[in-house]
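Following: one structure in structure tokens, then a few remarks.
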Amino acid sequence: MSEGIGGTTTASGAGHPPASARRSARPLTAVYRTAALVLYVWAAAAVVCGVSFLLPSAEWVAISGGVLLCVLFGILLHVLHRGVWLVLLAAVPALFVLVGAVQYAPELALERYGVRDRVVVVADSAAGTGGKNHELTLRGSDGRELEERLVYRGSGAPRVGARLDVVRDSRGKVPMERADQVDAAGRRGQLIGGLAVCTVLVLLAGWRGHVARRRDLARYGGARR
């Protein structure tokens, strides 16, 4: 008798999956989750662009916020997809979105309000120290030393005596850049391309996550409920 009761209980449990499992496997639930993550991706890029526009001289603020939003995107993508490989695949386009969102607004401002000048590097704050954070003192084409310094991070900084073409913001709001590194259209294309790829990956994650949840529901014997 006890065996019969036990068998009946097991069969009943197999045919009635938890309500949370049934809800998560609904097609509309997958659509809502996928659409919400797509909106998040585009909204996050807009936020980073806005911060970069409002605080062009504090690039680290936009970078820090963008990194946090990218990490959150990876977590949400993992929850939606229930897998790691797609998250790793999304890292590259997310990086393109981050770089494009951070640099687009300042470079657009330099293209619109910038003054081009031919300068000579006359001093380097990192000279003789081995440091990689360089603040280059420049002399303009008129022979006068510029008040603004050209900031260069990393190795391969221009040496003292090197001649450069730079673009300076006539309003003084955006830090100067080397002229050959200012490409707002390229940054915009990088941003939009990264967003497009991220959107495709989110749609793929939503579909594969829905299929996985339906498969788990089928194990309860309730795939058609």
Side-chain angles (χ1 to χ4, degrees), residues 41-70 73 90-127 129-199:
V41 170
W42 287 79
V47 168
V48 176
C49 278
V51 172
S52 181
F53 174 78
L54 295 174
L55 301 172
S57 60
E59 189 179 66
W60 65 271
V61 177
I63 294 175
S64 301
V67 169
L68 291 177
L69 291 172
C70 284
F73 168 64
V92 174
L95 180 61
F96 274 79
V97 172
L98 176 61
V99 174
V102 169
Q103 297 186 351
Y104 173 62
E107 293 190 9
L108 180 62
L110 286 176
E111 287 190 352
R112 288 184 175 180
Y113 307 105
V115 176
R116 194 182 185 101
D117 195 5
R118 181 74 170 176
V119 300
V120 178
V121 180
V122 297
D124 182 357
S125 63
T129 65
K132 294 186 177 181
N133 293 325
H134 306 264
E135 291 187 5
L136 305 178
T137 303
L138 309 174
R139 185 172 63 241
S141 56
D142 58 0
R144 292 185 296 180
E145 188 175 295
L146 303 182
E147 293 184 4
E148 186 179 3
R149 302 292 184 261
L150 177 62
V151 178
Y152 190 99
R153 298 182 179 87
S155 58
R159 297 179 180 274
V160 174
R163 296 183 178 274
L164 307 170
D165 288 323
V166 299
V167 180
R168 296 181 287 123
D169 185 5
S170 59
R171 307 165 303 166
K173 295 182 178 181
V174 179
M176 77 166 72
E177 291 284 351
R178 293 180 58 168
D180 58 356
Q181 295 179 352
V182 177
D183 182 14
R187 299 302 182 189
R188 183 177 64 247
Q190 184 178 10
L191 173 60
I192 295 175
L195 285 172
V197 175
C198 284
T199 300

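Residue numbers count from 1 along this sequence. Everything quoted here is computed from the prediction, not taken from an experiment.
- Between atom CG of residue Leu150 and atom CG of residue Asp124 there is a gap of 10.0 Å, rounded to the nearest 0.5 Å.
- Residues Asp180 and Asp165 fail the side-chain proximity criterion, which asks for heavy atoms closer than 4.5 Å.
- Considering OG of Ser52 and CD of Glu59, their distance stands at 7.0 Å, rounded to 0.5 Å.
- Considering Arg112, Arg187, Arg178 as possible partners of Glu107, the one that fulfils the salt bridge (Lys or Arg N to Asp or Glu O under 4.0 Å) test is Arg187.
- Within a 6.0 Å radius of OH in Tyr152, more than 12 heavy atoms belonging to other residues, nucleotides or ligands are found.
- Crowding of Arg163 atom CZ: a count of heavy atoms from other residues, nucleotides or ligands under 6.0 Å not exceeding 12.
- Using a 4.5 Å heavy-atom cutoff, the side chains of Asn133 and Glu135 are not in contact.
- Counting heavy atoms from C-beta outward, Thr199 and Trp42 have side chains that approach closer than 4.5 Å.
- In this structure, Arg171 is positioned above the aromatic face of Tyr113, its NZ or CZ under 6.0 Å from the six-membered ring centre and within 45° of the axis.
- Proximity of Val167 to Val115: side-chain heavy atoms (C-beta onward) are nowhere separated by under 4.5 Å.
- Proximity of Arg116 to Val166: side-chain heavy atoms (C-beta onward) are nowhere separated by under 4.5 Å.
- Rounding to the nearest 0.5 Å gives a distance of 11.5 Å between CG of Leu136 and CD of Glu148.
- Summarising the local packing, CZ of Arg139 is surrounded by 12 or fewer heavy atoms from other residues, nucleotides or ligands at distances under 6.0 Å.
- Cys198 approaches Val41 most closely through the heavy-atom pair CB-CG1, 4.1 Å.
- Annotation: side chain of Gln190 is not in contact with side chain of Val97 (no heavy-atom distance under 4.5 Å).
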